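Everything below concerns the one structure shown next.
Every value quoted in this text rests on a predicted model; they were computed, and no experiment measured them. In the text below, chain A, chain B and the rest are named by the order of the sequence lines, each starting its count at 1.
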Amino acid sequence: MTWTCEQTEARLSDYLDGLLDPAEWSAFNQHVNACAICTPLVASVAHLLGGLYALEQVEPPPQLETAILRATVGVVGTKHDFWAWLRGLQSPRFVYSAVSVAATIVLLLTASGFNWRKPKLADLAPATVYRKANGQLHVAYARSTKFVSDLRVVYEIQSRMNESDQNPAMRQETIPQSSPKKEPGRTDNTNPSTPKQQNRANDISRRLEVLACEFPFLSSSLVDRRVP
Amino acid sequence: MRRHTRRIFNICYRFTGNRTEAEDLTQDVFLRVYRTLASYRSAHGGFATWMTSVTRNLLIDHYRRTKRDRVTDSLDDAMPVVENKESVGRRPDEQALLGELSGQVQSALTRLSPELREAVILRDLQQLEYIEIQRVLEVPEGTVKSRINRGRIELARILQQMGVRPA
């Protein structure tokens, strides 16, 4: 296959970039070696590519970057750094951090007993803050200890009451028994009957007597059961 | 920021061949990117590709805007003066920066048509892939390859006309 000058020229870049397949490469070379027009053309383009690749990057002037920043974002340079820094403070992240720090300081000062109504510069002295914070800490510890102790007593009482509610026998045991009242002159350690009980006992005795009269064969056993 | 500034400035400088214009255009690119940042969609390629696309559009606008001035200049100045024109008005540090061949290539680049110039700059100077160039120029891949090829050949011919011969 023999190529024409037009074909060779059209595929010149592919040849120089190494994109021709072996058959095309062979045809290309065959034509170029025999063509008086294409030989210098290929040589000059190859030389040009060498020159293009040899072109070094040109460094832009230093002030160009500053000029671009000024034209786009508006302010650059050391003069305006303060304002750029101030704008940076408006970011949500910084605001959250600042609020957190302020809240922490307020909490610590309040905990150390700082008087917000009558603030004094002396109260902000580290030694004063430490002393007050130490005192507040001890008071808080004592209060919490007492609170825990009180809670323990309350729970103990509650648990005892629950246990006694569930077990009446136990309740009798757990209720403190008062010492029996002893009437003056009584030494037999017996409970005296109340008037109501006494009346009831009398009533039962009367009935038993009636029954004994009606049924004499029961008299002996009924008499034995008579309430004292 | 610095990396993008350097890259955009280089594209602009290679396209215009003038540092002052490149500085102004780079600044314009960043300004436009800053204003139209909301329109950027990652689905259309990376941020660098999008930025290059913005740069390309601004360069084309700049080329069209200054076309009349260039025509007047080219009528006033003959072709051999182009090299002198490059030398005149350029600071010594710029002269030192560009070597002999580099200066000639840069000079030849400015004489290339904008369509071919941008394709060559993006491919051979910025080393962009075909797919990226396709996204930037918004043309099919075949057109991209064709423009790069024609741009290289045209550039080689311009260099030959300028008296640059391969060693």
Side-chain angles (χ1 to χ4, degrees), chain A residues 3-21 24-25 28 31-33 35-77 81 84, chain B residues 1-2 4-10 12-14 19-20 22-24 26-35 37 93-94 97-106 108-109 120-121 123-127 130 145-160 164-167:
Chain A
W3 280 14
T4 62
C5 287
E6 287 76 21
Q7 281 177 305
T8 307
E9 193 174 310
R11 304 299 302 275
L12 179 54
S13 284
D14 288 340
Y15 171 77
L16 294 171
D17 291 340
L19 299 176
L20 293 181
D21 60 43
E24 290 173 327
W25 190 82
F28 186 94
H31 174 81
V32 169
N33 290 332
C35 180
I37 300 169
C38 291
T39 303
L41 177 68
V42 173
S44 60
V45 173
H47 182 243
L48 162 76
L49 282 183
L52 285 173
Y53 296 152
L55 280 180
E56 291 179 355
Q57 291 271 309
V58 183
E59 285 302 323
Q63 72 274 11
L64 179 59
E65 209 169 308
T66 312
I68 289 168
L69 286 172
R70 189 169 289 131
T72 50
V73 294
V75 283
V76 286
D81 277 351
Chain B
M1 169 76 188
R2 185 159 296 167
H4 286 301
T5 306
R6 194 165 182 255
R7 196 172 60 81
I8 300 300
F9 176 78
N10 270 272
C12 294
Y13 175 70
R14 294 304 177 196
R19 283 186 73 96
T20 309
E23 280 180 39
D24 293 343
T26 305
Q27 196 168 320
D28 290 347
V29 168
F30 275 91
L31 202 58
R32 184 173 287 190
V33 164
Y34 181 74
R35 285 174 181 165
L37 200 58
D93 59 337
E94 290 174 327
L97 190 69
L98 297 174
E100 188 182 1
L101 179 61
S102 299
Q104 288 162 334
V105 169
Q106 177 61 54
L109 264 176
V120 171
I121 289 173
R123 177 64 185 166
D124 294 328
L125 297 182
Q126 295 298 317
Q127 275 85 43
Y130 285 122
K145 284 186 173 178
S146 169
R147 283 186 187 179
I148 291 168
N149 189 50
R150 285 194 290 127
R152 286 171 175 175
I153 292 169
E154 189 64 30
L155 204 54
R157 284 182 178 145
I158 293 170
L159 281 171
Q160 277 186 339
V164 179
R165 296 278 185 274

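Heavy atoms only, all atoms of each residue included: B:Ala156 and A:Val45 are closest at CB-CG2, 3.7 Å. Residue B:Leu31 comes nearest to A:Ala71 through the heavy atom pair CD1-O, 2.9 Å, listed as atom of the first residue, atom of the second, then distance. What you find for A:Thr72 and B:Tyr34 is that their closest heavy atoms are O-CE2, 3.3 Å. Taking each heavy atom of A:Glu56 and B:Asn10 in turn, the nearest pair found is O-OD1, 4.3 Å. Between A:Val58 and B:Arg6, the shortest heavy-atom contact is O-CG, 4.4 Å.
With sequence neighbours left out, the side-chain hydrogen bond (donor to acceptor under 3.5 Å, both in side chains) criterion links A:Asp14 to A:Arg11. Under the rule for a side-chain hydrogen bond (donor to acceptor under 3.5 Å, both in side chains), B:Arg32 has no partner lying at least two apart in sequence or in another chain.
For a residue to count as touching a neighbouring chain, one of its non-hydrogen atoms must lie under 4.5 Å from one of that chain's; by this rule A:Leu41 touches chain B with the side chain only. When heavy atoms are compared at a cutoff of 4.5 Å, B:Gln160 approaches chain A solely by way of its side chain, counted from C-beta outward.
Looking only at side-chain heavy atoms (C-beta outward), B:Tyr13 and A:Pro60 stay at 4.5 Å or farther from each other. Within the 4.5 Å cutoff, no side-chain heavy atoms of B:Asp124 are placed close to those of A:Leu48. Inter-residue side-chain proximity for B:Gln126 and A:Gln57 is flagged as met; some heavy-atom pair is nearer than 4.5 Å. Put simply, the side chain of B:Arg14 reaches to within 4.5 Å of the side chain of A:Leu55, judged on heavy atoms.
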Audit row: A:Tyr53, B:Gln127, side-chain contact (heavy atoms from CB on, under 4.5 Å) steps and yes/no: CA-CA 9 Å; A:Tyr53 296 152; B:Gln127 275 85 43; 4.1 Å; yes
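Distance CD1/B:Ile153 to CG/A:Leu12: 5.0 Å, rounded to 0.5 Å. Atom CD1 in A:Ile68 sits 4.5 Å away from atom OG1 in B:Thr5 (nearest 0.5 Å).
Ion pairing of B:Arg152 with A:Asp17 is present here, as a side-chain N (NZ or NE/NH1/NH2) and a carboxylate O approach within less than 4.0 Å.
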